[in-house]
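Residue numbers begin at 1 in each chain, while the letters A, B, ... track the order of the sequences. No hydrogens, no waters, no symmetry mates; every other heavy atom, side chains included, goes into these values.
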Amino acid sequence: MADTAPLPRPQGGPITSQLKSRQPKFRAAVDYMAGLNPEQREAVLLTDGPLLVLAGAGTGKTRVLITRIAHILLQGRAWPSEILAVTFTNKAAREMKERVNTFVTPLPELQWMGTFHSISAKILRRHAELVDLNPNFTILDTDDQIRLIKQLLAAENIDEKRWPARQFAGMLDAWKNRGLLPKDVPPADSGFFANGKGGKLYYDYQARLKTVNAADFGDLLLECIRLFRENPEVLAEYHRRFKYMLVDEYQDSNTAQYLWLRLLAQGKPAPEANICVVGDDDQSIYGWRGAEVDNILRFETDFPGAKVIKLERNYRSTANILKAASTLIAYNEGRLGKTLFTDIAEGGEAISFTQVYDSEEEARTIGEEIEQYQRQGDALNSMAILVRASYQMREFEERFITLGLNYRVVGGPRFYERKEIRDALAYLRLVAQPSDDLAFERIINVPKRGLGDATVKMLMETARHQRIPLLQAVRLMVQTEDLKPKQRSTLRALVAQFDDWAYRADSLPPYQLVEHILEESGYMDMLTADKSVESQGRKENLKELSRSMEDFESLGGFLEHISLVMDRDSADSGDAVTIMTLHSAKGLEFDTVFLPGWEDGTFPSQRSMDESGRAGLEEERRLGYVGITRGRKRVRISAAQNRRIHGLWQSAIPSRFIDELPPDVVEVTDRGSAYGGYGYGGGASSRFNKADPFESVYETPGWQRARANQANRRGSGPLTIEGDLVARSVDLGNQSSGYALGERVFHLKFGYGEVIQIEGNKLTIDFEKAGTKKVLESFIKKG
DNA sequence: CAGACAGCACTTTTT
DNA sequence: GTGCTGTCTG
């Protein structure tokens, strides 16, 4: 992925026909076709011409891709360097490479197997000058991007409060995802931001990237597309090179990626293109990030004569789990329509749905269940908790810590996103690429050197006037009298240090270089001096960084790796329950899957429905489908009746998706009702037909039930407005004003207390232990 | 220039 | 409830 070694050319020209008579270069290490079912086999053998493999969850699509690559190599249809294999994550690319390696010997060097972004970066570095960059250009992370935008906003006198940099970053991203260069942005789009300045900002932003010799993630694809479009001879080179193209998770591709692929596939007329895409429209869960399900839906139009193979035989889950998942997903429209079936594990355990009082009880219940399964002999590794949003994770973590239950959180704050890592990287970037102004700005005063805004401003002024990088500006400024003596000597020393580091970078291995830099810059001293709890951890992270650099010989190679491969192999912490979001669970599987928080508003997420309406709801439903199909043997769904969102207690009703599950495979338990909440009415209304009978989001059974419930409450007391949020009371209406001032009451969370104020159904209570709090009447009981 | 407090915003996430 | 950012003050 990140190897910067020179690219070996494919030896020899077309080999398809001749090679059969020759000694094949690769041999099969194992019987690689063994165990494939007829559909999978067909998908492997149909190497030529466009092919769409629609693979439902757990049907072995990765297996097909890998075997296909092995087959192409073993048949001598192409050299490894002639195969383009694209994935979305580095993890997927790594796994694929490893698994092909187990099939084929000697080890093929699949240098064009990687993510869209890493492959694009590789191509761009080879032709950097054609897109106005140097081959050693920096790849910016989101942090740098935001800082750059802030500078542009300031330069344009745009109020950052009214027009946040984040928002603009989001728009930029969306434009780039759609493959739009500054000149292509529709006026309606560009006019929206900052009273019409959006378009200009995009131009300025791109210009600025070129001056600092950098590209952001979107650029990697966008500039690649521009490169291909403006330089047909370059494109033709890749047409000649790539004999076979394979794409994983095609349903997640966005417009830019689609254009990128289409350009590369144009080497042959569409009906003959050797392109194979694999995906599952039902698992498209990245629409909010610009993914276009349409790409997969229209593959057959893009490549006339394309073969379509459906993989529907599921090897993962029990029949009950598959039935639940299929029934749920059938409520979506616009599907390519697959039905999963299995010939293993008839029936199996029922899907369980449990209603609990609040998220704390949810964590407690799940904790107990996990321990029980563990006692029965299940490994913690075989269990996972899949949440909709990461804020749901904390409750589980806290509970598991109390229980002493080993857990691991996947996808928390990423290693590379940590402040200290970014600081260290900024030093390294500046050593490798002295014109990296963003890196310079990041570390000029970290650790504190007494170089504040005033000094930086002066440097930036000079840099802009002379059109030179900041580090260069420093060199100039220390020669003048413009700076105060103190700053001047500090800067002079700093420049000298950087020169020294740059000099040593050639001889020292990167992992030693970084240690020297951190020591000599005073960064380590800064952490030592910092007595806060985190600083020790930060030091350890930096050690970890240095350790991770041991595999790299050159600084450049390491930086490429770190900016593109941002995932970190989570150190296996032995047997542990996994906690992660539904999004990051795609592609994984567990014996037992817990799906907490199935409440309307949480899942499906209110925001998703508000922002994207029906499409949003359908994406949420696909997320539910992904969640359920992660389970091999057991799926346990739960919903809390009360949940605190942004510090505010909210009552909730079970997710409408519960009603969309087939009742005959769902077993309902209601623990929440013990506390006087309303019970689960039962999805027993049994509407589980194939087509979605509901015209709009608001006509699904869950929604209607919610409306009915709300109406009930409306009669019993006013809705309470707190902030912008409407707090819905769980009061069923039979005890609307049943409390008096001074009355002793009990609250499940806060304990006993005395009512000191009443406003409608909101009571102010002086709790014995928790102090004075305002709570909804329905959350308390008479003491 | 640096530390302290107040205000606000707060899905999902890879690259 | 929390964490970040931005402003105020020493």
Checklist entry - Can you check whether A/Thr455 has a side-chain N or O nearer than 4.0 Å to OP1 or OP2 of B/dC1? => result yes

Item to check | Aro-ring/base stack A/Tyr391-B/dT11, d under 5.5 Å, angle under 30° | outcome: no

Next on the checklist: Can you tell me which nucleotide in B/dT11, B/dT13, B/dA2 comes closest to the side chain of A/Ser608?
Outcome noted: B/dT11

Checklist entry - Does B/dT12 adopt a syn or an anti glycosidic conformation, taking syn as a chi angle within 90° of 0? => result anti

Item to check | Spacing between A/Met393 atom CE and B/dC10 atom P, to the nearest angstrom | outcome: 19 Å

Checklist entry - Does a side-chain N or O from A/Ser563 land closer than 4.0 Å to OP1 or OP2 of B/dT15, or not? => result no

Item to check | Under 4.0 angstrom between A/Lys150 side-chain N/O and C/dG6 OP1 or OP2 | outcome: yes

Checklist entry - Does any donor atom in the side chain of A/Tyr258 or A/Asp294 lie under 3.5 Å from an acceptor atom in the other side chain? => result no

Item to check | A/Arg630 (side chain) donor-acceptor with A/Leu588 (main chain) under 3.5 angstrom | outcome: yes

Checklist outcome for this item: Rounded to whole Å, CZ of A/Arg622 lies from P of B/dT11 at a distance of 21 Å

Checklist entry - What is the nucleic acid contact for A/Gly450, judged by heavy atoms within less than 4.0 Å: base, sugar-phosphate only, or nothing? => result sugar-phosphate

Item to check | Touch class at under 4.0 angstrom, heavy-atom based, for A/Ser390 against every strand present | outcome: sugar-phosphate

Next on the checklist: Without decimals, in angstroms, what is the distance between A/Arg607 CZ and B/dA9 C1'?
Outcome noted: 10 Å

Next on the checklist: Quick check on B/dT15: is either OP1 or OP2 less than 4.0 Å from any side-chain nitrogen or oxygen of A/Asn90?
Outcome noted: yes

Next on the checklist: Let me confirm one number: the CH2-CG distance from A/Trp163 to A/Leu153, rounded to the nearest 0.5 Å.
Outcome noted: 11.0 Å

Next on the checklist: I want to confirm an ordering. Mapping A/Lys448 and A/Met580 to their closest nucleotides on DNA chain B, which one lands closer to the 5' end?
Outcome noted: A/Lys448

Checklist entry - Expressed in angstrom and rounded to an integer, what is the separation of A/Leu221 atom CG from B/dT14 atom C1'? => result 11 Å

Checklist entry - Can you tell me how far P of B/dT14 sits from CD of A/Gln251, to the nearest Å? => result 16 Å

Checklist entry - Using a cut-off of 4.0 Å on non-hydrogen atoms, how would the nucleic acid contact of A/Asp252 be classed: base, sugar-phosphate, or nothing? => result nothing

Checklist entry - If you check every side-chain atom of A/Phe217, which of B/dT11, C/dT2, B/dT15 has the closest atom? => result B/dT15

Checklist entry - For A/Asn254 and B/dT14, is the shortest distance between a side-chain N/O and OP1 or OP2 below 4.0 Å? => result no

Checklist entry - How close or far is atom P of B/dC10 from atom CD of A/Gln167, stated in whole angstroms? => result 10 Å

Checklist outcome for this item: The answer to which of A/His583 and A/Gln487 contacts DNA chain B further toward the 5' end, by nearest nucleotide, is A/Gln487

Checklist entry - Does A/Val474 reach the side chain of A/Leu494, with side-chain heavy atoms less than 4.5 Å apart? => result no

Item to check | Value in whole Å for how far the C1' atom of B/dT13 lies from CD of A/Glu249 | outcome: 14 Å

Item to check | Residue A/Leu564, side-chain atoms from C-beta onward, closest of B/dT15, B/dT12, C/dG1 | outcome: B/dT15

Next on the checklist: Tell me whether A/Glu223 is salt-bridged to A/Arg226, with the criterion being a basic N under 4.0 Å from an acidic carboxylate O.
Outcome noted: yes

Item to check | Sugar-phosphate, base or nothing in reach of A/Ala454, heavy atoms under 4.0 Å | outcome: sugar-phosphate

Next on the checklist: Suppose we call a contact any N or O donor and acceptor under 3.5 Å apart; does that hold for the side chain of A/Arg388 and the base of B/dT11?
Outcome noted: no

Checklist entry - Taking CD1 from A/Ile119 and C1' from B/dT15, how many angstroms apart are they, rounded to a whole number? => result 12 Å

Next on the checklist: For a 4.5 angstrom cut-off between non-hydrogen side-chain atoms, does A/Met171 reach A/Tyr202?
Outcome noted: no

Next on the checklist: Need one value for A/Glu620: base, sugar-phosphate or nothing, where a base atom within 4.0 Å counts as base even if backbone is also close, heavy atoms only.
Outcome noted: base

